[in-house]
Structure formats: C-alpha cells, structure tokens
Amino acid sequence: MAMTLHIDIVSAEAEIFSGTATMVFAPAEMGEVGISPRHTPLLTRLKPGEVRVQTDDGEEQSFFVSGGMLEVQPHVVTVLADTAIRADSLDEAQALEAKERAEKLLSDKTADVDYAKAQAELAESIAQLSAIRKLREKVK
Amino acid sequence: MAGAKEIRTKIASIKNTQKITKAMEMVAASKMRRAQDRMLATRPYAAKIGNVIGHLSHAHPEYRHPYLVERELKRVGLIVISTDRGLCGGLNINLFKKVIGTMKQWHDDGLEIDLTLIGSKSNAFFKRMGGNIRATATHLGDAPSMSELIGTIKVMLDAFEAGEIDRLYIAHNEFVNTMTQKPEVRQLVPVSGEADTEELKTHWDYIYEPDSVPVMDALMIRYIESLVYQGVVENVACEMAARMIAMKSATDNAGDLINELQLVYNKARQAAITQEISEIVSGAAAV
C-alpha cells in the first residue's frame, strides 16, 4: 500500500475536510507546492487558490481557499483556510471603520443616553417631591 | 371586585403575550441548536492553530514573537462581547457585573483600560458608563462571520504592537450547558505558554516560506482572531440558551397568571349570578 498522510482542512468557521491522502497540492506564497508523505516540516502562507487532495483510492478532490496557512509535518498536513479575503490594505480599512464606529458611538449624544439622563432626572424629581410632601405633613 | 368583563379582557391580553413568549422560546431553542453546532465547528481551527503554536514554541525559532512576550503592565485592553438584542434574562448584566468588577480591580492597581465593544448591548452600557472605547462592532447576527471582526480585532492588536496596551483580555459568556452560562474574563495576549510538553524530546524547526517573521505574524494574528471569533460564536449560543430559558419562565408565569385570573373571574361571575338571583327573589317577595 502506498504511503499516506493525514490532511485536515479547517477554517475558523467550520471544518472543511479531514482524511488521508497520498499527495496534497497547495498554492503556497512562493509557488504551488506538492506535499508527499514524509515531507520535511514546513510552515508557509497560502495564496487564494485551489488545494488539491489525492486520496488513496486515486481520486482527486479540490477545495478553494481564499488564502490561509499551510503546516506540514511528516505525516500530517494542516490547511488553515481563511474565510475572509485578506489584504493588509483591506484589514486597515476595516480597522478604521471599527474605530469610526466607536467615535460615532461616543459623539452620538441622542438615543439611550438622553433616555437614561431623563430617567435619572425623573427619579430625582420624584424623590424631591416626596420629600417636600413629607415636610409639609410634618408642618401641619 | 373588578367587573367580569375587565378580567376577561385581561386574560385575553395575557394569553396573547403568552403566545408571543412561547413562539420566542421555540425560535430560540432551534437557533440555539444551530449556534451550538457552529460553536463546535470553530473548535478544530483554534485547536489546530494552538497545536502549531505549541510546536513553534518548542522548535526554538530564532524569532520570539511580541505576542509571546510578557511586558510590564501599564495599560490593558479589553474586548467585551455582548448580545445585540435583549430579552435574554440576566446574560448581559451578569457579564457586565463581572467586567466592572475586573475593571475596578485594574483601576485600583493603577492600570488604565481601553475597551473594544462587540454587540449593541455593550455599546449602550459602556457609553453610559464611560470609558476609553477604541473600536466597536454591532449587528453581527446569529451567524457571525469572521470578516466582520477582523477590523475590530486589528485595532486592539495594532495598539498592542505599538505598545499602547500591554495586555489584551476578552470578556464573554461561556456556554456550560443550556441552563448555565458563565461570564468569563480571559487573557488573550500575550499568549500564555500552556503548550503541551510531550514533544520536547526532539529539537526541530519548520522550514519557513518565505521567512519565519511574516509567517509567524500571520499565524499569531489568525490565532487571536480565531479565539475572539470563538468567543463571539459561543456568546451567540449563550444568548439563545438564555433567551430560551427566560421565555420559558415568562410563558410559565403567564400560565400561572391566567389560572389565578380565571379563578377571580369565576368568583366574580358567580357573585354576579348570586346577586341577581337574590334581587329577583327579594323583588318577587316584595310584590
């Protein structure tokens, strides 16, 4: 029987594939790599592309990944697939958006802050009124 | 005694409320099952990355990543994950209580705190509370996607790398089981070195392509993101479970209320009939 390796393809949101294979092809950052069993340990980033898995019954399955990481150990290959399309500029834009949302939240004085303030003032006035009433009763 | 008609209207209105709470309970129950599945589906990724990082810390790479190095504490970052909607019992309040307690302790230790908020409820709460809010994310829905979180997490990670915060924590509800959700504050960065020790016997290192530094960077960022994502997904499962329980008890309470009111209604009805009969009898006697 041919030598096999175990391959797991997982993303942060779900497990995509898990099984044995005789050969795995992945779109690494420096060019496509083919991994056979007993490959030396390797850690690399993946480009968006196709991960092809040759299973031991000779079939080939392919999975699209939008980038990620590839970890290779002699008999275990792990593809950590990204679920989102990543690029430094894109990440930066999203970070800026998140910051803007925070600033908007802080500058937005309407909605529930006003409501909370009004509620606090109401409670205060009610307390004052009841104090005045008690005082009056005492005076009588 | 209140009129029979008013009681009848009240019973009808409570019945309507009960129908709504019952429907919400069932919706929450089915959503909870899906949320639990999603929660389990996120585990392999984080576990795998955890493994790789464990290997890395044993492989003695020439490069120590900043996320692995403890620094002197001056300022901490905290990511608070809450729900977007209410009607889920004390879930958010319990979490906020825990967070406030932790923040007070940090404050007493002379630490400054930066916040990142995920979920509308935490936004509303900390806006009123005050605090240094760096980034927010809301309306992630029942099936949050990673791409909506990346920016929010990056703000905090950038702050960490820039030395603006020295430690990053995450606060979310932990799903123990359907009945119990536990508010939890955990340290994210620096990654605590709890890697398994069984691999220590051989010294080996990966081949890094193109170079160990960018590969490590990408890996660490993904690891932190997956932990935050896990927290968010787990919090959704907690939300659904808490809502299911809250709505179940609301439905039960409505049932009790209806029973009581029915009793009052029957008594009022009987009293009215008795009064009518006695009026007729006394009227007949007078004639």
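Reckoned from all heavy atoms, side chains included, excluding hydrogens, waters and symmetry mates.
- Here the straight-line distance linking atom CG of B/Asn123 with atom NZ of A/Lys104 works out to 11.0 Å at 0.5 Å rounding.
- Within the 4.5 angstrom heavy-atom criterion, no atom of A/Glu100 approaches chain B.
- With chain B as the partner, the residue from A/Leu43, A/Leu70, A/Val33 showing the most heavy-atom pairs under 4.5 Å is A/Leu43.
- The side chain to side chain contact (heavy atoms under 4.5 Å, CB included) test with B/Tyr45 is passed by exactly one of A/Thr78, A/Val10, A/Asp8: A/Val10.
- In this structure the side chain of B/Thr152 never reaches within 4.5 angstrom of the side chain of A/Gln94, judged on heavy atoms.
- With a threshold of 4.5 angstrom between heavy atoms, B/Ser145 approaches chain A through its backbone and through its side chain.
- One distance of note links CD1 of B/Ile133 with CZ of A/Arg101; it measures 13.0 Å at 0.5 Å rounding.
- Nearest heavy-atom pair, B/Gly151 versus A/Ala98, reported as atom, atom and distance to 0.1 Å: C-CB, 4.1 Å.
- In this structure, CD on A/Glu15 lies 11.0 Å from CG on B/Leu40, to the nearest 0.5 angstrom.
- Contacts between B/Arg134 and chain A at a heavy-atom distance below 4.5 Å involve the backbone alone (N, CA, C, O).
- Proximity to chain A (any heavy atom under 4.5 Å) is shown, for B/Gln230, by neither the backbone nor the side chain.
- Side-chain contact between A/Glu92 and B/Asp158 is present, with at least one heavy-atom pair separated by less than 4.5 Å.
- A/Ala93 does not touch chain B: none of its heavy atoms, backbone or side chain, sits under 4.5 Å away.
- Going from atom OG of A/Ser18 over to atom NZ of B/Lys48 covers 6.0 Å, rounded to the nearest 0.5 Å.
- For a residue to count as touching a neighbouring chain, one of its non-hydrogen atoms must lie under 4.5 Å from one of that chain's; by this rule B/Ala137 touches chain A with backbone and side chain alike.
- With A/Glu71 as the partner, the side chain to side chain contact (heavy atoms under 4.5 Å, CB included) test is satisfied by one option alone out of B/Val215, B/Leu219, B/Val52: B/Val52.
- The number of heavy atoms from other shown groups lying within 6.0 Å of NE2 (B/His107) does not exceed 12.
- Here B/Tyr206 contributes atom OH and A/Thr40 contributes atom OG1; the two are 10.5 Å apart, rounded to the nearest 0.5 Å.
- Ranked by heavy-atom pairs under 4.5 Å with chain A, the first of B/Pro210, B/Ala218, B/Gly130 is B/Pro210.
- Atom CG of A/Leu96 and atom NZ of B/Lys154 lie 9.5 Å apart (nearest 0.5 Å).
- Under the 4.5 Å side-chain criterion, counting only non-hydrogen atoms from C-beta, A/Glu13 is not in contact with B/Thr42.
- There is no contact between B/Ile118 and chain A, counting heavy-atom distances below 4.5 Å.
- Considering every non-hydrogen atom in both B/Glu209 and A/Thr44, the closest pair reads O-OG1, 3.0 Å.
- Counting heavy-atom pairs under 4.5 Å between each of B/Pro214, B/Ser226, B/Ala46 and chain A puts B/Pro214 at the top.
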